Amino acid sequence: MFSAAQTRLRSVDAVRTHQRAWLEATRNRVMAGDHFAICNGDDFEEVFTAFDIPCLVINYWNSIITFSERKGDHFEGVLADAGYVPHRFALGMATTLEPKQAPWGGLPKPTVIVGTTRDEAQLRVTELWAEAFGCECYPLDFSWVSQFTTPLPEDWWEFHRARSDAMLDPLRVELRLEQMKGLIAHLEAKLDRPFSLARFRDVMETLNAQMDVWEEARDLVCNARPLPVSLRDQMALYQVTWQRGERGNLELVKAYRDEVKRLVAEGQGCYAQERFRVYMATSGNDPLFHNYLRERHGGAVVSNRYSSIAPMYARVIEDDDPLRALAKRHLFLFDKEPVWELAEARRWGADAAIGLESDPGAPSRYREIFEGAGMPYLALKRDDDSEETRARIDEFVENRLGSR
Amino acid sequence: MTDDPDALQTLKLHYRDRRRAALAWKAQGGKVVGYLCDNVPDELIAAAGFFPLRVSGDPDGSTEAVTEYVDSLYPPDVTTRAPFVAAMLQQLLDGTFGLLDYLIVPHNRNSIQAIFRELRDARRFHGGLPQFETYYLDKAWSSSFVSEAYNRDAIIRLRQQLESWAGKPIEDATLLEWIAIGDRNRELLRGVADLRAANPPRLSGADALEIIGSSMFMDKREHNRLLEAFLATAGELPARDGVRLFLGGSPLDHTRVYQAIEACGATIVAEDHCWGNRVADAYGEGPADPILELGRRFHRKPACSITLPLKATVQGCARRAAAASADAAIFYVMEDDWSQNWETPGEVKALGAAGVPALHLARQAYDGGDIEVLKAAVSRFLQSVPSQRAAIAAREDA
């Protein structure tokens, strides 16, 4: 048996504290008569920041309900009682349908919810949520799937900051830009305040600075042995990306970078041992079997795909047009595909990768790419801590990683 | 008008043997353009000299090719789709639609859009799959002028693509002719809808579904001729009794669910899905510039059931039920239909407010599942309808 202990960074705890304080302050601001907005993730936050309107991101709120507060089952029941087949994206709406059980005292009434046509569920949920609040819903056109009609370059993850045109449909960029301008003009009238291009440019530049610091810290973390920051802390840190471009959040990331530097210099690791390193090809939080993996096998999950996504938000501002830079960023952030994830697994020095698949026994492109590159790959149905999952992990470690 | 006593049987034949007319066209050297959903302007395809064939699924088919060639490529959360979409994708992969020369995939619900990428990736990573060229017909869903202009431009680009495939321009006069043929078809299909909505109804929902569906598997000119012949003698059809039922929920491209429901003593007098009466909806304002007209129609016609705001979708559904004087409604919503999931509760509520009781069947199978279980649920519901109607009447009297 090995130790399952893991450390916790002070700078990440500061992020956790900041998020709760931010929501409390937002609630107080709204009670005092100020505006508040809800929007889809990666969608319109920077514009609201430039308007000085606090904005809550839907998928962030959903993850608090699910992972931080463990109330997902309860609010799925609320959705079922309302006649809907439960869907994770709608959990936030469920906290408005039944606010008594809402985490952290619940959300104040927003002035507007900005939805997207990302998919039909997200569009309809934002509409229904606005109806439940009695506020406006303003949808923007951006479909999750249509972004992939433009074939991506093989090494697409290298293109974000300065070459994103190669990944985008130029007609969609123009449509997005037109619709963003329409929404900004609408908000100027609704909020009775002007939109400052200078302030917006500052937000976009601060965002780029924030991602630079994040990237610097990320490189320190993935190159260090032992790993100084647990996956749990990496995911908690991700919360700062939900208010990108705010000075306070830039400072939080700098504090994190500085703590990482110190930990690396001191050779401190977050886990008690790293007999082997695992990359999770998933979007979720720390997998529930991680304690077992550390305790039983001494293995450590060092990262998942979200460990490296944040820097992809950065965009060069061309032709003094930050709105166009943001429009381009809205239309493509990342793809879930194995060539990139293999590159990530290697960046993090992983010895093996674990992915979730609907039929773990069937051939898959993820398996083909990882195994073809010589990296053992385990497909699981769920990232739970069931006996079945433990048995699959035991078999995998013993047969594929035993000699490490 | 041509006298054709077998018109209804011929229409049904084409519904059941869906590639029959396209194969005959192909045998004479013609080319076939497949398309998904009901909002691709088939007038443009026909005007370019191609046979337009709407892609459908098969409730008796498997989805093995989808699992093998598509789902194996992506993490599971990327590939969620309702089973009726899986059934269509299966047939595009397994060679059933091997007769296609080209395919148009519109920007409708997520899983429909995804088919463009899924086919491209499946061909890239697996050999031996059908190689018809695939075109993505983009569409903005929101209702603004900016979106309307974008959608008009999408139709202009589609015209250019079809011209490129055909190797010749599409003449405006030809296009106007095909728009008129399509308008006549919709007009005749509304006549079919009237037969169902009549009191008493003269046509079953299952028969109507076959008549409507066949319009997307046949040459529209021939379909119009058959419809005219059928409608000329339709007044002689026997009256139907039983509960007048409205059907909402997921798209149904087969008659199995209709037949199960109507076997319980109801007549489906109208429905709200893209293989039924919605096909006959008119969105035009008249033939000015044909492309502007088609662009306007494309913009206004819902992408799947999606219109903005949601309220418009709910009200549209309630209007259809009211226009058909429905006594009751059933919403048959398939598993993973993430469009209908959020619309149906509001539609059930709206119908309830109008005195139309509704049964919401969620997480249903594409093929109707266990038909006896379905029939039992429908029968229980139908038995409750007269008493509920009586209660409403009593309340109104009071």
Side-chain angles (χ1 to χ4, degrees), chain A residues 79-80 82-87 89-90 115-128 130-131 137-141 143-149 151 169 171-172 174-175 178-179 181-182 281-283 305 335-338 341 355-359 362-368 381, chain B residues 67-68 71-80 105 107-117 120-121 125 136 138-147 149-150 153-154 157 303-306 308-311 313 333 335-346 348-349 360 362-363:
Chain A
L79 292 171
Y84 305 114
V85 173
H87 187 290
F89 186 77
T116 68
T117 63
R118 183 168 296 191
D119 66 33
E120 54 272 14
Q122 298 197 17
L123 173 68
R124 290 317 198 192
V125 168
T126 47
E127 288 190 271
L128 288 165
E131 188 181 305
C137 177
Y138 194 112
L140 290 167
D141 269 289
S143 293
W144 189 248
V145 171
S146 66
Q147 62 186 328
F148 300 115
T149 51
D169 176 350
L171 299 173
R172 276 269 160 188
E174 296 307 319
L175 174 68
E178 285 294 307
Q179 292 193 343
K181 286 176 181 172
T282 62
S283 304
R305 64 172 73 111
D335 187 13
K336 297 172 184 173
E337 61 88 18
E341 301 226 47
L356 301 183
E357 298 192 7
S358 47
D359 183 1
S364 76
R365 187 156 178 265
Y366 265 75
R367 179 183 300 285
E368 183 187 318
K381 189 102 175 160
Chain B
T67 305
E68 181 176 353
D71 289 348
S72 62
L73 301 177
Y74 315 108
D77 55 340
V78 173
T79 51
T80 305
V105 179
H107 178 111
N108 290 354
R109 69 171 71 213
N110 222 39
S111 53
I112 292 290
Q113 294 175 45
I115 286 175
F116 178 82
R117 181 199 193 193
R120 185 187 67 202
D121 289 354
F125 298 114
Y136 187 73
D138 204 359
K139 184 179 198 287
W141 288 359
S142 53
S143 53
S144 69
F145 162 75
V146 171
S147 299
Y150 187 82
D153 291 349
R157 290 195 299 277
C304 297
S305 64
I306 301 154
L308 292 174
L310 172 58
K311 192 168 60 178
T313 301
V333 182
E335 183 80 35
D336 288 325
D337 184 339
W338 294 112
S339 181
Q340 205 59 50
N341 183 51
W342 308 106
E343 295 164 6
T344 297
V348 168
K349 199 172 161 186
H360 179 180
R363 295 185 147 163

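Keep in mind that what you see is a predicted model, and the values were worked out from it rather than measured. Throughout, protein chains are lettered first and strands after them, A, B, ... in sequence-line order, and every chain is numbered starting at 1.
- Distance check: B:W338 CH2 to A:D119 CG gives 10.0 Å after rounding to the nearest 0.5 Å.
- A:A82 approaches B:P345 most closely through the heavy-atom pair O-CB, 3.9 Å.
- For the atom pair B:L310 CG and A:R124 CZ, the distance stands at 4.5 Å (nearest 0.5 Å).
- Looking only at side-chain heavy atoms (C-beta outward), B:V146 and A:D141 stay at 4.5 Å or farther from each other.
- Counting heavy-atom neighbours within 6.0 Å of B:E335 CD, excluding the residue itself, gives a total above 12.
- The contact between B:E343 and chain A is made entirely by side chain atoms (from C-beta outward), counting heavy-atom distances below 4.5 Å.
- Using modelled atom types, one side-chain atom of B:R120 and one backbone atom of A:T149 make a donor-acceptor pair closer than 3.5 Å.
- By the salt bridge (Lys or Arg N to Asp or Glu O under 4.0 Å) test, B:D71 is found to be paired with B:R81, residues two or more places apart in sequence or in another chain being considered.
- Neither the backbone nor the side chain of A:A281 comes within less than 4.5 Å of any heavy atom in chain B.
- For the atom pair A:L123 CG and B:S142 OG, the distance stands at 9.5 Å (nearest 0.5 Å).
- Partner A:S358 forms a side-chain contact (heavy atoms from CB on, under 4.5 Å) with one of B:P75, B:P76, B:S72 and no other, that one being B:P76.
- Across B:Y150 and A:L171, no two heavy atoms sit closer than the pair CE1-O, 3.6 Å.
- Contact tally against chain A (heavy-atom pairs below 4.5 Å) for B:K349, B:H360, B:R363: the top residue is B:R363.
- With a threshold of 4.5 angstrom between heavy atoms, A:E127 approaches chain B through side-chain atoms but not through N, CA, C or O.
- A distance of 5.5 Å separates CH2 of B:W342 from CG of A:L79, quoted to the nearest 0.5 Å.
- For chain A, the option among B:A114, B:A149, B:G346, B:A140 with the highest count of heavy-atom pairs below 4.5 Å is B:A140.
- The line from CZ of B:R117 to CG of A:D335 is 4.5 Å long, rounded to the nearest 0.5 Å.
- Interface check for chain B: of the options A:R118, A:R172, A:H87, A:E337, the most heavy-atom pairs under 4.5 Å are formed by A:R172.
- Heavy atoms closer than 4.5 Å to chain A are found in the side chain of B:T313, but not in its backbone.
- Comparing A:R367, A:E178, A:K336, A:E174 by how many heavy-atom pairs each has under 4.5 Å with chain B, the most go to A:K336.
- In this structure, A:L140 CG and B:S144 OG are separated by 9.5 Å, a value rounded to the nearest 0.5 Å.
- The residue among B:V78, B:N108, B:D77 with the most heavy atom pairs within less than 4.5 Å of chain A is B:D77.
- B:N341 places no side-chain N or O within 3.5 Å of a backbone atom of A:A121 that could act as its donor or acceptor partner.
- With a 4.5 Å cut-off on side-chain heavy atoms, A:E120 and B:C304 do not count as touching.
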